[in-house]
Amino acid sequence: MSLTPATNPTIRRPAVAGGQFDTSYARLPERFYARLAPTPVRSPRLVKFNSALAHELGLEARQWASEKGAAILSGNSMPEWAQPLAMDYAGHQFGHFSPQLGDGRAILLGEIIAGNGTRYDLHLKGAGRTPFSRRGDGRATLGPMLREYIISEAMHALGIPTTRSLAVVATGEPVLRETVLPGALVARVAASHLRVGTFEYFAAKGDVEAVRILADYAIDRHYPEIKANPTPYLSLLAAVCEAQASLVARWMQVGFIHGVMNTDNMTISGETIDYGPCAFMDEYSPATVFSSIDHQGRYAFGNQPHIAHWNLVCLANTLLPLVDTNHEKSIPLAEEVINQFPGHFARHWRAGMRRKLGLVSEQPEDVRLIEDLLTLMQEHAADYTNTFRQLCAVAEGEATLPGYEAWGARWQTRLGQESHSRSAAAALMRTHNPAVIPRNHQVEAALNAAVRQENFAPLETLLVVLSTPFDLKPEYAQYSAPPAPEERVQQTFCGT
Ligand code: AMP
Ligand code: MG
């Protein structure tokens, strides 16, 4: 005998098995979002599913990767736990304030509670028009969604906080851009989608009550340890400054250029979000820009710490009324917190760069040593990733780096002051200097094969290689090669 769930009112099965779910954001006041479901798509086809991530989230991979799962991940069917909505947010884009952005092509289904109790948003990007779409079509295309999948998963493997990609679903619908392209969605998993721009949205309206509700929600969700502090909103600002200082320092250590560090693309959680025109630098130059829309170099590689600081000042402004109703009092208090950002960043950056050079102890002259190396690398147009990886072998005396002899002698002297052996230094360096990063030309080649020829083999191999960036197997050695002149990718695009 079998029980049919439909006739048994005591059994409520989720549409897809596994996982615990909640919708805490949907319990916030109505003015925080617009409730609406994704717009269905013609013929959803799962082109990439992240079984490892599904496992971490406590989702049954087999079920979620089934036709039923693809229906949910494309927005064609809603699991019963979902409370779909588009979030409100504002943002400073290239320095100019837009009071109304919001999820114009993304829908938050709700939250997954992983086995360890951690809460994650499940968000469908490319899910159709919303009240915030303005002139956009609400859709996304296959190439950029697969690109987000590749780069966000590579960032995760590099140990850098990031939103992740659970799946990419092709919609079977054409999407008009400069040409007609295949449509797709990415199912994005994030610690949350709270942005600096979410705070700016309510602050710009003078809705102090909403800013307070949002701040309390952010504290509960990301920084519960500061809840009992005497000045929790200053502590929130300090916590976000610390998280972003750490994050941007991590970017700088692997040569990552975000490309659109608008305040709506900066999270409160400290995760990297919004993989649009982002790219990894090949040859070292702090002025490197890839984004086709960044004409002034505002978001150039070397400018990222300054922009993070600038964005955090925007966050600080939104929190002023919560700190004290009297601006004369709140401004100096917030300034004191925000002024610490450069110091926090420098501390994280120095610590990370020391590890890249195999140094554990701290010496005042280390900063000069690091900066002199970077200057030399710029003069030599050296590959950022490979130069550091070569230094691992140099530390052990297994290689030399032509052109760096004088600097190398200083570094060897400095290494000699450490208590660990050269091979221990090299081992440390090999866990902080990736052998492989998602190089633009390789990402482009894998995407072209997938999108133009429906050949997913190069993409699958690339994902395997990028999943262990500190440990490159000899048979994949070509993935560490910088682009040949004709392979060089000059520009990246938002993919909107
Ligand atoms: P982004 O540059 O991706 O951070 O997006 C900036 C704003 O544009 C956000 O409000 C997005 O939701 C919106 N947007 C981007 N692409 C589209 C699209 N195809 N349709 C509607 N809104 C979009
Ligand atoms: Mg964005």
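If you read the sequence from its start, that first residue is 1, and numbering goes on from there. Only heavy atoms go into these numbers, but all of them, side chains included; no hydrogens, no water, no symmetry mates. Atoms within each ligand, like the ligands themselves, are counted from 1 in listed order.
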Within 45° of the axis and under 6.0 Å from the centre of the six-membered ring of [Y], does NZ or CZ of [X] qualify?
X    : Y    : result
R195 : Y89  : yes
K356 : F470 : no
R250 : W349 : no

Ligand-residue contact atoms, ligand 1 with [X], heavy atoms, under 4.0 Å:
X    : value
G138 : 18 (C), 19 (N), 20 (N), 21 (C)
N265 : 4 (O)
S133 : 21 (C), 22 (N)

(request) Could you confirm whether N265 has any N/O/S atom lying under 2.8 Å from the Mg ion (ligand 2)? (result) yes

(request) Confirm or rule out an N/O/S atom of D264, from backbone or side chain, lying less than 2.8 Å from the Mg ion (ligand 2). (result)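 No N, O or S atom of D264 is closer than 2.8 Å to the Mg ion (ligand 2), so no.
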
Proximity to ligand 1 by part of [X], non-hydrogen separation under 4.0 Å:
X    : result
R129 : neither
D137 : both
D264 : side chain
Y89  : side chain
R177 : side chain

(request) Evaluate the ring planes of H309 and F341, with Trp represented by its six-membered ring, and classify them as parallel (under 30°), tilted (30 to 60°) or perpendicular (over 60°). (result)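 Parallel.
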
(request) Classify the ring geometry between F301 and Y284 as parallel (under 30°), tilted (30 to 60°) or perpendicular (over 60°). (result)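 The arrangement is perpendicular - the two ring planes meet at more than 60°.
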
(message) Any atom of ligand 1 sitting under 4.0 Å from a heavy atom of G276?
(response) no

(message) Quick check on R134 - does any of its heavy atoms sit under 4.0 Å from an atom of ligand 1?
(response)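 True for this residue.
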
Under a 3.5 Å cutoff, is there a donor and acceptor pairing between the side chains of [X] and [Y]?
X    : Y    : answer
Y120 : S192 : no
T118 : N116 : yes
Q304 : H258 : no

(message) If we check salt bridge (charged side-chain N to carboxylate O under 4.0 Å, His left out) with R164, which of these qualifies: E148, E271, E56?
(response) E56

(request) Have a look at D274 and say which of its N, O or S atoms is nearest the Mg ion (ligand 2). (result)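 The D274 atom nearest to the Mg ion (ligand 2), restricting to N, O or S, is OD2.
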
(message) Can you check which of G136, A86, G102 brings a heavy atom nearest to atom 11 (C) of ligand 1?
(response)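 Going through G136, A86, G102 one by one, G102 has the nearest heavy atom to atom 11 (C) of ligand 1.
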
(message) Please report whether ligand 1 has a polar contact with R105, defined as an N or O pair separated by less than 3.5 Å (distance criterion only).
(response) yes

(request) Indicate yes or no: does an N/O atom of D274 lie under 3.5 Å from an N/O atom of ligand 1? (result) yes

(message) Looking at D121 and V189, would you say the former's side chain and the latter's main chain have a donor-acceptor pair under 3.5 Å?
(response) no

